[in-house]
Amino acid sequence: MSGVARRLVRDGLIAEAEAEKAYEQATKKRIPFVSYLVEQHLVSARDIATASSHEFGVPVVDIGTLELDPEVIKLVDEKLVRAHHALPLFKRGARLFVAMSDPTNLAALDEIKFHVGAQTEAILAEDDKLARIIEKAMEAADTGLSELSDADLEGLEISSEDDEGASDATSSDADDTPVVRFVNKVLLDAINRGASDIHFEPYEKFYRVRFRQDGMLREITNPPIALASKISARIKVMSRMDISERRIPQDGRIKLTISKTRAIDFRVSTCPTLWGEKIVMRILDPSSAKLGIDMLGYEPEQKQAYMDALNRPYGMILVTGPTGSGKTVSLYTGLNILNTAERNISTAEDPAEINLPGINQVNVNPKVGLTFAAALRAFLRQDPDIVMVGEIRDLETAEIAIKAAQTGHLVLSTLHTNDAPQTITRLANMGVPAYNVASALLLIIAQRLARRLCNNCKTIDEVPRAVLLEEGFTNEDIAKGFTLYKAVGCDQCNQGYKGRSGIYQVMTISEAMQKKILEGANAMELAEQAKKEGINDLRRSGLLKVMAGITSLEEVNRVTKD
């Protein structure tokens with residue numbers, strides 16, 4: 001057994017027989033002994049680091065608080081870093097300081113010393129934190145301007161929205177240049193990591209690329225600032241924008257064909273800033289509309305209410321919530337259910353985010369007079385069954401949509417309000433008469449997206465009863481019993497979370513609710529009526545997700561607490 005194992009046995013942290021067995025298993029699996037102990041939850045990473053520090057006199061560092069130098073990390077080959085679970089931190093003169101979880105691994109220090117040509121010195125780090133930092137460091141290095149894997153970029157076809165079968169954006173001799181390959185690699189990485197947006201941001205002294213993953217922005221890489229204009233020019237060429245125009249915002253679209261069966265659309269927006277053009281790319285994956293309603297996170301009674309409304313021959317369904325709350329996916333999931341050969345479905349959007357075969361989609365263009373209202377009027381002359389309006393922004397659009405809902409058509413749309421009762425108040429404030437709202441509305445869905453806890457690393461969260469009651473849990477909830485979990489973070493997730501789930505308030509317009517609307521009730525009175533009818537508000541729906549162990553109380557507070 002190694003010196004670390006002896007020390008752990010001596011400190012009573014693990015039995016000798018168990019340590020010997022763990023050592024054998026780690027050798028068989030060809031992973032470091034310390035990593036095996038932490039993986040199997042035999043000894044905590046913190047206890048191992050503390051014991052090793054006392055035994056060998058090596059300082060311990062909280063590696064999560066350090067700012068890593070990419071140039072120092074590049075000194076050691078990725079294979080060596082992963083094989084020895086050792087990450088170079090900084091260089092002082094001729095000495096390279098390396099973070100390790102096992103200071104007795106002298107072979108690793110010798111091999112790094114041989115490759116770097118500098119004296120190496122170990123610094124202790126907790127094994128689980130070290131694993132996460134190594135993963136992040138290697139990901140950042142992988143998305144750099146160094147040699148990129150040609151295999152990753154093979155068969156990649158890029159075309160803009162207005163291409164006519166051509167893809168000359170990638171047919172030039174410049175395809176092999178580092179900037180072109182870098183941009184292609186960033187797009188692929190964003191898709192593989194499940195990002196929803198990519199931000200290319202120039203500043204005075206640095207340039208950064210960030211991905212929005214599970215609703216949170218995360219810095220990915222920092223290409224040289226000198227390449228800022230080349231990166232923006234490349235993206236503008238791909239999305240058919242005017243590369244000579246840098247003074248005004250521009251919009252474009254890119255279609256990335258990854259394989260014969262999969263293509264991803266990017267909606268591209270540029271905006272001139274002090275130090276160059278900031279570019280944001282929204283990733284539009286058509287497969288998100290085909291997830292199925294069961295994957296969206298509706299409670300059983302909420303799902304049933306949505307399905308009942310979709311099966312009605314006419315009326316209006318409204319989905320509300322802030323930007324990025326999943327309204328489009330909810331609407332398209334409904335449209336996908338309705339999309340059969342017997343139905344004529346038309347949509348007006350700004351712009352169409354998800355392409356669905358069998359649905360007639362129109363991009364509104366106010367510059368030429370094609371507004372939501374104009375598109376709706378055209379739809380009503382084309383024998384429609386179902387109409388979807390991207391957003392009700394004004395009285396004219398609202399009136400036409402409601403008239404369509406009252407004359408035998410099913411109308412789906414979105415509105416920007418905080419919850420379902422406020423949607424009715426908003427329509428009234430627009431100038432829509434109460435009798436039209438009451439007769440046309442079938443269902444209102446208010447929604448938010450909350451990050452799902454990672455099943456690999458979530459841990460039990462002990463919260464006092466008084467705090468639970470303050471947060472909105474009832475005495476009945478506490479009496480039944482439930483387990484709260486909190487985020488931890490591991491190499492399989494983003495800061496303790498992986499994926500997102502919807503939190504919904506699904507409010508059907510009952511006869512009692514119609515009566516309240518006709519009486520001119522305000523949002524608070526409508527919310528009170530919804531509560532009487534047993535409709536969960538967003539907060540309550542979020543707490544149900546917490547009780548089910550899907551997300552944390554902290555996350556629900558982030559997305560639902562006023």
- Message: Taking Pro357's backbone N and O only, do any of them form a donor-acceptor pair with Asn339's side chain (distance below 3.5 Å, no angle check)?
- Response: yes
- Message: Once side-chain hydrogen bond (donor to acceptor under 3.5 Å, both in side chains) is applied, what residue pairs with a partner in residues 372-385 remain, sequence neighbours excluded?
- Response: Arg377-Glu396
- Heavy atoms, side chains only, cut-off 4.5 Å: are Phe266 and Ile191 in contact? yes
- Message: Side chains of Asp242 and Gln250 only: does a donor on one sit below 3.5 Å from an acceptor on the other?
- Response: no
- Message: To the nearest 0.5 Å, what is the distance between CG on Leu526 and CD1 on Ile517?
- Response: 6.0 Å
- Task: Compare every heavy atom of Asn494 with every heavy atom of Gln213, then report the nearest pair and how far apart it is.
- Result: NE2-ND2, 3.6 Å
- Not counting sequence neighbours, list each pair that qualifies as a salt bridge (Lys or Arg N to Asp or Glu O under 4.0 Å) and has a residue in residues 504-526. none
- Given the rule in the side-chain contact (heavy atoms from CB on, under 4.5 Å) test, do Met507 and Asp419 qualify, once you have shown the distances and angles that lead to the verdict? CA-CA 10 Å; Met507 190 173 92; Asp419 62 15; over 6 Å; no
- Nearest heavy atoms of Leu443 and Thr508, plus distance in Å: CD1-CG2, 3.4 Å
- Message: List the residues meeting side-chain hydrogen bond (donor to acceptor under 3.5 Å, both in side chains) with Asn536, not counting sequence neighbours, and say none if there are none.
- Response: none
- Kindly say whether Lys486 contributes a backbone atom to a donor-acceptor pair with the side chain of Glu554 at under 3.5 angstrom? no
- Message: With rounding to the nearest 0.5 angstrom, report the CD to OG distance, Gln529 to Ser510.
- Response: 6.0 Å
- Item | Leu544 side chain reached by Ile550 side chain, heavy atoms, under 4.5 Å | no
- Look at the side chain of His199 and the backbone N and O of Arg210, then say whether any donor-acceptor pair between them is shorter than 3.5 Å. no
- Query: For Asn363, does its backbone N or O pair with a side-chain atom of Asp350 as donor and acceptor, under 3.5 Å?
  - Reply: no
- Query: For the side chain to side chain contact (heavy atoms under 4.5 Å, CB included) test, which of Asp265, Ile264, Leu284 pairs with Lys255?
  - Reply: Asp265
- Run the numbers on Leu217 and Phe211 for side-chain contact (heavy atoms from CB on, under 4.5 Å), then give the verdict. CA-CA 6 Å; Leu217 279 170; Phe211 290 170; over 6 Å; no
- Message: Donor-acceptor check, side chain of Lys236 to backbone of Thr270, threshold 3.5 angstrom: yes or no?
- Response: no
- Message: Would you say that Asn522 contacts Thr425 through its side chain, given a criterion of any heavy-atom pair below 4.5 Å between the two side chains?
- Response: no
- Task: Please test Asp189 against Lys185 for salt bridge (charged side-chain N to carboxylate O under 4.0 Å, His left out), starting from the C-alpha separation and ending with a verdict.
- Result: CA-CA 6 Å; Asp189 280 357; Lys185 186 68 163 60; 3.1 Å; yes
In a table with atom names and distances, give each donor-acceptor pair under 3.5 Å that connects a side chain of residues 460-473 to protein atoms at least two apart or in another chain.
{"unit_1": "Arg465", "atom_1": "NH2", "unit_2": "Asn475", "atom_2": "OD1", "d": "2.8"}
{"unit_1": "Glu471", "atom_1": "OE1", "unit_2": "Arg539", "atom_2": "NH2", "d": "2.8"}
{"unit_1": "Glu471", "atom_1": "OE1", "unit_2": "Lys561", "atom_2": "NZ", "d": "3.2"}

- Note, Phe372 side chain near Ile400 side chain (heavy atom, < 4.5 Å): no
- Query: Does CD1 belonging to Ile243 count more than 12 external heavy atoms closer than 6.0 Å?
  - Reply: no
- Is there side-chain contact between Thr371 and Val364, with at least one heavy-atom pair below 4.5 Å? no
- Note on the structure: Lys545 meets the salt bridge (Lys or Arg N to Asp or Glu O under 4.0 Å) criterion, sequence neighbours left out, with Glu299
- Item | Residue pair Ile254, Met281: steps toward the side-chain contact (heavy atoms from CB on, under 4.5 Å) verdict | CA-CA 9 Å; Ile254 299 170; Met281 305 173 82; 3.6 Å; yes
- Query: Okay, side chain of Asn336, backbone of Tyr332: is any donor-acceptor separation there less than 3.5 Å?
  - Reply: no
- Task: Compare every heavy atom of Ala404 with every heavy atom of Val411, then report the nearest pair and how far apart it is.
- Result: CG2-CB, 3.8 Å
- Item | salt bridge (Lys or Arg N to Asp or Glu O under 4.0 Å) against Asp537, all qualifying residues, sequence neighbours excluded | none
- Message: So Gln495 and Asp214, do their side chains get closer than 4.5 Å, heavy atoms only?
- Response: no
- Item | Inter-residue atom distance Thr414.OG1 - Lys327.NZ, 0.5 Å rounding | 5.5 Å
- Query: What residues, two or more places apart in sequence or in another chain, satisfy side-chain hydrogen bond (donor to acceptor under 3.5 Å, both in side chains) together with Ser413?
  - Reply: none
- Residue pairs involving residues 425-453 (criterion salt bridge (Lys or Arg N to Asp or Glu O under 4.0 Å); sequence neighbours excluded): Arg451-Glu555
- Query: Looking at side-chain heavy atoms only, is the closest gap between Met430 and Ile392 below 4.5 Å?
  - Reply: yes
- Task: Just do the side-chain hydrogen bond (donor to acceptor under 3.5 Å, both in side chains) check on Ser541 and Gln302 with the steps written out, would you?
- Result: CA-CA 10 Å; Ser541 293; Gln302 293 176 336; 3.3 Å; yes
- Rounded distance (nearest 0.5 Å) linking atom CD of Glu391 with atom NE2 of His416: 4.0 Å
- If you take all heavy atoms of Ala440 and Ala405, which pair is closest and at what distance? CB-CB, 4.1 Å
- Is any side-chain heavy atom of Leu412 less than 4.5 Å from a side-chain heavy atom of Val319? no
- Message: Can a side-chain donor-acceptor contact be found between Asp394 and Thr397 if the only test is distance below 3.5 angstrom?
- Response: yes
- Mind checking what makes side-chain hydrogen bond (donor to acceptor under 3.5 Å, both in side chains) contact with Gln514, not counting sequence neighbours? none
- Calculate, to the nearest 0.5 Å, the distance between atoms NZ and CG belonging to Lys403 and Leu380 respectively. 9.5 Å
- What residues form a salt bridge (Lys or Arg N to Asp or Glu O under 4.0 Å) with Arg540, not counting sequence neighbours? Asp477
- Query: salt bridge (Lys or Arg N to Asp or Glu O under 4.0 Å) with Glu399: which residues, sequence neighbours excluded?
  - Reply: none
- Task: Look at the side chain of Gln447 and the backbone N and O of Ser325, then say whether any donor-acceptor pair between them is shorter than 3.5 Å.
- Result: yes
- Sorted by chain and number, sequence neighbours left out, side-chain hydrogen bond (donor to acceptor under 3.5 Å, both in side chains) with Arg246 holds for none
- To the nearest 0.5 angstrom, please state how far the CZ atom of Phe200 sits from the CD1 atom of Ile220. 11.0 Å
- Task: Measure the acute angle between the ring planes of Tyr298 and Tyr504, then classify it against the limits of 30° and 60° as parallel, tilted or perpendicular.
- Result: parallel
- Item | Least distance between heavy atoms, Met241 atom then Gly252 atom | CE-N, 3.4 Å
- Task: Report the C-alpha distance between Val559 and Leu449 in whole Å, list the side-chain angles of each, state the deciding distance to 0.1 Å, and finish with yes or no for side-chain contact (heavy atoms from CB on, under 4.5 Å).
- Result: CA-CA 7 Å; Val559 297; Leu449 287 177; over 6 Å; no
- Item | Closest contact, heavy atoms only, Ala446 versus Leu538 | O-CD2, 3.5 Å
